[in-house]
Amino acid sequence: MDHVVTIQDLADDEIASILDRARELLPVARGEERSDAVVGKILATCFFEPSTRTRLSFETAMQRLGGNVIGFADSRTTSHLKGETLADAVRMVAGYADAIVLRHPQEGSARLAAEISDVPVINGGDGAGQHPTQTLLDLFTIREELGKLEGLTVGLLGDLRYGRTVHSLAAALARYDTTMHFIAPESLAMPRRVTAGLPDGWSAHTTLDGVLPELDLLYVTRIQKERFPDPEDYVRVAGAYTISAETLRDAKPGLRVLHPLPRVGEIATDVDETDHAAYFRQAFNGVPVRMALLEMLLGGD
Ligand code: NCD
């Protein structure tokens, strides 16, 4: 494994190793044990788009493993503002660090960076493309919460068109014999470029009614306001779905609700107190999972 641009870059056994290792690393992730796995290594976090969880959990992961971090959270403080190209920026940073996490509004940016960089590039989200490390922590969370990945019935709900997390997640879930229900307004349906890569076993819906009682997992996403070419279109679909404790009345008792976060109203806070809510544990899981990935890319030499 070299670059992690899409979830397809990871083989089944690599995903399994990362999830297994993440579990072993939980005490280190919590700060209860120490690790020197990547001591002397430097991770660059280059974020051209807002981030809370992805950047901070990568930085925590690197530091918990004894490594160091450089980077920026606001590209307006970099030469980007002077008109420097992404290609030039990546060429520089590859000389300063042993791996690069890149988040950029343009789909395909991480692929471009990987072609230029001679250190591993990890895609931290490329526009409406993919978000493979979110998928790794989603898979880890599903396995921790439900005890397995195989044969589940999963609902992906919200902005399936512009939401990058669901693009990588759907591709990954297809490897585990998952029955997938895509629930979205028609204008935000799962793109054909994603569904074309899926085996049979998925269906599209515009409401959760009827589907909910079958689900083992409901993955809720935010409507990606920043990606709408026309703000009017956003207004038409904003608030299309709100999941509350009442909405979940007909769900299986063991249903788990996940969300990559941030939520902006899709999940009412009264869900937080129910046994269904797993999204805050999910957010924490970014640390051990990213540790396992960094160890795999940078450790052991
Ligand atoms: C997501 C993203 O950036 O794609 N956030 C995250 O990394 N947890 C989801 C979102 O912004 O809606």
Side-chain angles (χ1 to χ4, degrees), residues 4-7 22 29 43 45-62 71-75 100-111 121-142 155-173 182-185 188 190-191 194 217-228 234 237-243 256-267 277-291 293-294:
V4 183
V5 173
T6 67
I7 195 69
L43 176 70
T45 56
C46 302
F47 279 67
F48 292 83
E49 267 196 345
S51 169
T52 304
R53 278 150 290 272
T54 303
R55 188 175 62 85
L56 294 181
S57 64
F58 259 115
E59 296 195 1
T60 296
M62 193 63 187
F72 54 87
D74 180 355
S75 63
I100 301 171
V101 182
L102 176 72
R103 170 170 289 187
H104 194 279
Q106 204 148 346
E107 201 171 328
S109 51
R111 180 64 68 203
V121 170
I122 304 170
N123 181 5
D126 63 322
Q130 285 214 16
H131 194 345
T133 66
Q134 177 71 42
T135 295
L136 291 172
L137 76 93
D138 293 342
L139 294 175
F140 180 77
T141 305
I142 295 168
L156 305 185
L157 174 137
D159 187 346
L160 307 184
R161 179 178 185 178
Y162 297 120
R164 53 198 172 200
T165 65
V166 285
H167 298 162
S168 359
L169 182 59
L173 287 174
F182 300 143
I183 308 132
L188 299 180
M190 189 64 95
V194 177
L217 183 91
L218 177 61
Y219 192 96
V220 183
T221 64
R222 172 178 73 88
I223 309 282
Q224 308 279 300
K225 184 178 183 183
E226 67 275 30
R227 311 241 182 267
F228 281 68
Y234 173 73
V237 287
Y241 304 104
T242 305
I243 306 300
R256 288 290 184 275
V257 177
L258 266 56
H259 191 308
L261 303 176
R263 63 173 160 184
V264 289
E266 313 79 49
I267 302 181
Y279 30 89
F280 293 122
R281 291 191 291 275
Q282 178 188 4
F284 168 76
N285 289 338
V287 178
V289 169
R290 289 177 171 125
M291 287 171 69
L293 179 68
L294 290 169

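Atoms within a ligand are numbered from 1 in the order they appear, just like the ligands themselves.
Q282 places no side-chain N or O within donor-acceptor distance of the main-chain N or O of L137, the cut-off being under 3.5 Å. Listed for the D126 side chain is a donor-acceptor partner under 3.5 Å among the backbone atoms of G108. Remark: side-chain polar atoms of T221 are paired, donor with acceptor, to backbone N or O of L157 under 3.5 angstrom.
The side-chain heavy atoms of M190 and H167, taken from C-beta on, include a pair separated by under 4.5 Å.
When all heavy atoms are compared, the tightest approach of P185 to G158 is CD-O, 3.8 Å.
Legend: salt bridge (charged side-chain N to carboxylate O under 4.0 Å, His left out) pairs involving residues 159-171, not counting sequence neighbours, sorted by first then second residue: E49-R164.
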For a distance cut-off of 3.5 Å, show me each N or O of ligand 1 paired with any protein N or O, plus the separation.
residue, atom, partner, partner atom, Å
ligand 1, 3 (O), R103, NH1, 3.4
ligand 1, 3 (O), R103, NH2, 3.2
ligand 1, 3 (O), R164, NH2, 2.9
ligand 1, 4 (O), R164, NE, 2.7
ligand 1, 5 (N), L261, O, 3.1
ligand 1, 7 (O), T54, OG1, 2.9
ligand 1, 7 (O), R103, NH2, 3.0
ligand 1, 7 (O), H131, NE2, 2.8
ligand 1, 8 (N), Q134, OE1, 3.2
ligand 1, 8 (N), P260, O, 2.9
ligand 1, 8 (N), L261, O, 3.1
ligand 1, 11 (O), R222, NH2, 2.9
ligand 1, 12 (O), R222, NE, 2.8
ligand 1, 12 (O), R222, NH2, 3.3
ligand 1, 12 (O), Q224, NE2, 2.8

